[in-house]
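Computed from a predicted structure; not experimentally measured.
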Amino acid sequence: MVVQNSSVGHYDDIIFSIMAVSLDDVDIVLLTALQEDADRTNVELARLAGLSPAATLHRVRRLKESGVIRVISAQLDPAAAGFPLQVYVTATLARHDPRSSGVFDDLIRALPQVIAADNVAGETDYLLSVVARDVAELQEVLASLAARGGQRLVTYLRLAEVKPPSRLPLAPRGTEPGTDRARRRPGAPG
């Protein structure tokens with residue numbers, strides 16, 4: 001689907017691609033278990049899914065190859081690891097041509113202090129999550145962003161985590177805990 005928005009000059013064509021992999025109940029059990037604890041052994045996953053270890057390994061490989069599982073990694077606490085400054089930075093580019101965007105994207109990928117980055121639509125072009133050991137290191141990151149096309153940089157200091165990164169709600173819609181449909185028994189009057 002192509003969306004054209006003439007009111008925003010630098011977003012002439014935004015292409016949305018929606019391609020979901022078909023997941024069955026076993027896939028959902030495996031993905032939910034891995035989201036809860038990615039350090040689970042294959043044997044433990046097999047027990048949870050009711051499969052043999054070989055079949056479980058095949059399923060997890062297929063989920064990786066399809067792109068549903070992007071990476072399995074550890075979540076670190078930035079402050080405990082020596083990065084007490086955690087900030088969000090919104091960045092608006094001075095120019096909105098493919099070359100300028102590419103230069104800025106390459107810089108973002110190269111800066112280790114930028115731990116997450118999204119290109120967004122709206123008043124700003126990018127939303128970055130940045131960590132730093134001190135104010136001087138943060139200033140270096142901001143200066144690098146400005147030197148590579150970041151015209152307007154707005155920094156928001158992260159005070160506290162309200163909700164940590166969460167699991168994807170893989171259950172079918174309406175069956176999540178807390179919904180009316182989840183409380184009804186199948187075949188019960190609605």
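Taking OG of Ser129 as the reference point, atom CD of Gln113 lies at 12.0 Å (rounded to 0.5 Å). Atom CD of residue Gln151 and atom OG of residue Ser100 lie 11.0 Å apart, to the nearest 0.5 angstrom. Atom CG in Leu30 sits 10.5 Å away from atom CG in Leu23 (nearest 0.5 Å). With values rounded to the nearest 0.5 angstrom, Leu127 atom CG is found 7.5 Å from Thr90 atom OG1. Expressed to the nearest 0.5 Å, how far CG of Leu34 lies from CZ of Arg167 amounts to 11.5 Å. Asp118 contributes atom CG, which lies 11.5 Å from atom OG1 of Thr124 (distance to the nearest 0.5 angstrom).
Of all heavy-atom pairs spanning Leu45 and Ala33, the tightest one is CD2-CB, 3.8 Å. Scanning both residues, Val26 and Arg59, for their nearest heavy atoms gives CB-NH1, 3.5 Å. Between Ile28 and Leu170, the closest heavy-atom pair is CD1-O, 3.6 Å.
Applying the under-4.5 Å side-chain rule to Ile, Leu, Val, Met, Phe, Trp and Tyr, the cluster around Leu107 extends to Leu85, Val87, Val89, Leu93, Phe104, Ile108, Leu111, Val114, Tyr126, Leu128, Val130, Val135, Leu138, Val141, Leu142, Leu145, Leu153, Leu157, Leu159.
Looking at residues two or more places apart in sequence or on another chain, you find no salt bridge (charged side-chain N to carboxylate O under 4.0 Å, His left out) involving Glu140. For the salt bridge (charged side-chain N to carboxylate O under 4.0 Å, His left out) test, residues two or more places apart in sequence or in another chain that qualify with Arg109 are Asp106. Checked against salt bridge (charged side-chain N to carboxylate O under 4.0 Å, His left out), Arg40 has the following partners two or more places apart in sequence or in another chain: Glu36, Glu44. Residues satisfying the salt bridge (charged side-chain N to carboxylate O under 4.0 Å, His left out) criterion with Asp134, sequence neighbours excluded, are absent altogether.
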- Message: Between Arg148 and Asp105, is the salt bridge (Lys or Arg N to Asp or Glu O under 4.0 Å) condition met? List the steps.
- Response: CA-CA 9 Å; Arg148 294 287 176 96; Asp105 290 354; over 6 Å; no
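Between Val120 and Asp125 the shortest side-chain heavy-atom distance does not fall below 4.5 Å.
Both Val68 and Val60 are assigned to one and the same hydrophobic cluster, defined by single-linkage of ILVMFWY side chains at heavy-atom distances under 4.5 Å. Residue Ile115 is not grouped with residue Tyr88 when hydrophobic side chains (ILVMFWY) are merged at heavy-atom distances under 4.5 angstrom, including chains of intermediate members. Val43 and Leu57 fall into different hydrophobic clusters, defined by Ile, Leu, Val, Met, Phe, Trp and Tyr side-chain heavy atoms under 4.5 Å apart, directly or through other members. Cluster membership check: Val29 does not share its hydrophobic cluster with Leu168, using side-chain heavy-atom separations under 4.5 Å among Ile, Leu, Val, Met, Phe, Trp and Tyr.
A donor-acceptor contact shorter than 3.5 Å is absent between the side chain of Thr41 and the backbone of Asp39.
Under the 3.5 Å distance criterion, with hydrogens and angles disregarded, a donor-acceptor pair is assigned to the side chains of Arg158 and Gln86.
The side-chain hydrogen bond (donor to acceptor under 3.5 Å, both in side chains) analysis of residues 60-78, with sequence neighbours excluded, yields the pairs Asp27-Arg62.
Within 6.0 Å of CG on Asp25 lie no more than 12 heavy atoms contributed by other residues, nucleotides or ligands.
Ion pairing of Arg95 with Asp97 is present here, as a side-chain N (NZ or NE/NH1/NH2) and a carboxylate O approach within less than 4.0 Å.
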